[in-house]
2 protein chains.
Amino acid sequence: MTKTAGVTAVDERLFLQSVARALDVLEAFAQSPRPKSLGEIAAATGINKSAAQRIGQTLLARGYLERADSGGLMLGRRLLDRSFDYLRSNPLIERATPVLMELRKLAGERVDLSLFDDTSTIYAIRLQSKRETFYATLPGRRIPTFLSSGGRACMAQMADAAVDDLLARSDRRPLTPKSRTGLPEIWEKVREARTEGYSWAAEEALIGEVVLAAAVLDGDRRPIGAVHVAGSLSEWAIPDFRRRFSPLAIEAARALST
Amino acid sequence: MTKTAGVTAVDERLFLQSVARALDVLEAFAQSPRPKSLGEIAAATGINKSAAQRIGQTLLARGYLERADSGGLMLGRRLLDRSFDYLRSNPLIERATPVLMELRKLAGERVDLSLFDDTSTIYAIRLQSKRETFYATLPGRRIPTFLSSGGRACMAQMADAAVDDLLARSDRRPLTPKSRTGLPEIWEKVREARTEGYSWAAEEALIGEVVLAAAVLDGDRRPIGAVHVAGSLSEWAIPDFRRRFSPLAIEAARALST
DNA sequence: CACGAGCGTATCGGCGCCCAATACTTGGGT
DNA sequence: ACCCAAGTATTGGGCGCCGATACGCTCGTG
């Protein structure tokens, strides 16, 4: 039972091939979310057409896939039910909802709760403010930990060795031209977050956007997520933005920490 | 290939038992989202402990389940990735996002996009306004079509026989004491929606809340979802609320219809 | 302290579910 | 009319899954 990249390794004999393949099929739509034919699914997942057919029919019958107008298969609405169950089951989400609402009201800017998940970070709650660009603000979006303000705030709470390990396993490709991808610059931001109590990032994930975040800790003082405040560079100078919102984010994150 | 309750029936020989059981395990958390032991999972899904173990290990390895502190299994963050893919793949969601943002700004109240799914209706996008009660406002929440304003707006676009069929298949249990569950009262609201172009409901899903909604139609004039505006009865009289927001919801829904 | 009831974990023989190749049917493009 | 690629359906065979069983552990309990 060893740990590899944050995922528990499993004895082969306890591993269900067909379940894993079904998950492969669903995950195939992460690359390109357009409808796919059985042949495309088979090619994308490395299984043959017969297996794709069986898996497709099964997921279709359960609502996790749907027929597109074109006749192909696309993701189904039933997936929303499962993520709803997840959100509802997570005590942090429940505690965070009213706190974030209040923060959103105070700040007047977009407010997010992200969940720390090793080399990436997922947005679980997103409270919009103004006009935003479609899917960049959907819940469920993943951002590499190393370039997210929330991710850096989480790394700041970890031991040096753990941060080094995480960064070594990260795929450090930039999302924008301003993404900091070099180890020294990332470490600099992590150290800054340790002294300031929060981290910030300007245009590293989305052009024109400045974000700051403070980490939420569990009972063992380990980071489990972060509270973000995001604003537009067309409305804010970075020093003003930091001065104004960092105390609010830190306060909210502390309220959520066990 | 017959249709039953909106789900396509599948040849038994194309149906993967272990995949279906894995989905059963995930769906078991819909009833009560707390962490479960293997024994509880086995009992809830009707499979034995060995199968639950294998499925659990597989879903755990893929991140769709996680270990709770107690040692039990709970839903995993990976579920959010799949719902993100779904939202991203749905063209309606993409078109609706800016329209709803604008509507939210104009109305100043909570705005939702729901997806029509036979006897129930799912909230896909939720733009909050003020303080709200936790999971009632999470995306992915399902409401019975017959008592949701958006669901009734959708039914108003269907043939009489189809509405009768849908209502006959519905589980018409109330969500609140004010939920209308009788067929005549529901039909009355459907007819009202046909003449008014929108539907409304007061405290039928949530106490203290009034909602109105207009249906979004696809290229064949069939309902695929609805645009909602929701307000608090502590701030609005129902006639004022209807007069003020119904034109906005109708306009937004028309803009989203193909 | 012994005990048993849970838990998660691990093992194993055997059967039946899933495998993959194949053929059929349909529809769209040339 | 042709062909290619799509989804659909069928089949025999093999091995992957099935489920009973057993092990070690941590509880709360008598």
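Side chains included, hydrogens not; waters and symmetry mates left out as well; all remaining heavy atoms used. As the structure is a prediction and not an experimental result, all values here were calculated from the model. Residue numbers begin at 1 in each chain, while the letters A, B, ... track the order of the sequences.
At a cut-off of 3.5 angstrom, counting only N and O atoms as typed in the model, there is a donor on one side and an acceptor on the other between the side-chain of R54(A) and the base of dA20(C). At a cut-off of 3.5 angstrom, the base of dA21(C) holds at least one donor-acceptor pair with the side chain of S50(A).
The CG-P distance, from D69(B) to dC7(C), rounds to 18 Å in whole Å. If you take CG of L60(A) and C1' of dG7(D), they are 12 Å apart, rounded to a whole angstrom. When rounded to the nearest whole Å, the span between CD of E40(A) and P of dA6(D) equals 8 Å. Distance, I41(A) CD1 to dA5(D) C1': 15 Å, rounded to whole Å. Per the geometry, CZ belonging to F15(A) stands 18 Å off C1' belonging to dA10(C), to the nearest Å. Rounded to an integer number of Å, the gap from K49(B) NZ to dC18(D) P is 17 Å. Residue I47(B) contributes atom CD1, which lies 13 Å from atom P of dA20(D) at whole-angstrom precision. Going from atom CG of L16(A) over to atom P of dG19(D) covers 12 Å, rounded to whole Å.
A donor and an acceptor atom, one from each side chain of T137(B) and R126(B), are nowhere located under 3.5 Å apart. A donor and an acceptor atom, one from each side chain of R82(B) and Y64(B), are located under 3.5 Å apart. Side-chain contact annotation: W187(B) with D164(B), donor-acceptor N/O pair under 3.5 Å present.
Checking the phosphate oxygens (OP1, OP2) of dG16(D), no side-chain nitrogen or oxygen of R21(A) falls inside 4.0 Å. An OP1 or OP2 oxygen of dG7(D) is reached within less than 4.0 angstrom by no side-chain nitrogen or oxygen of R67(A). Taking 4.0 angstrom as the limit, Q57(A) places none of its side-chain polar atoms (N or O) nearer than this to OP1 or OP2 of dA9(D).
Here the CZ atom belonging to R21(A) is positioned 13.0 Å from the OG1 atom belonging to T58(B), to the nearest 0.5 angstrom. Taking CD1 of I224(B) as the start and CG of D117(B) as the end, the distance is 12.5 Å to the nearest 0.5 Å. Separation of atoms CG (L147(A)) and OG1 (T176(A)) is listed at 7.5 Å; rounding is to 0.5 Å. In this structure, CG in D218(A) is found 11.5 Å from CZ in F116(A), a value given to the nearest 0.5 Å.
Comparing atom distances between the N48(A) side chain and each of dG8(C), dT8(D), dA20(C) picks out dA20(C) as nearest. Counting only heavy atoms from C-beta on, S18(B) has its side chain closest to dC18(C) among dC18(C), dG19(D), dT8(D).
Rounded to 10 degrees, the angle separating the terminal helix axes of the helix from dG4(C)-dC27(D) to dT30(C)-dA1(D), each built from five base pairs, is 40°.
When each of Q17(A) and Q53(A) is assigned the nucleotide of DNA chain D with its nearest heavy atom, Q53(A) is the one assigned upstream, toward the 5' end.
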### Query
Hey, mind stepping through R62(A) and E27(B) against salt bridge (Lys or Arg N to Asp or Glu O under 4.0 Å) and telling me if it holds?
CA-CA 11 Å; R62(A) 292 302 213 95; E27(B) 290 171 8; 3.0 Å; yes
Mind listing the N/O atom pairs, protein and nucleotides 24-30 of chain C, below 3.5 Å?
none

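Heavy atoms of other residues, nucleotides or ligands lying less than 6.0 angstrom from CZ of R194(B) number more than 12.
Here S148(A) pairs with T121(A), I143(A), H228(A) under the side chain to side chain contact (heavy atoms under 4.5 Å, CB included) rule; sequence neighbours left out.
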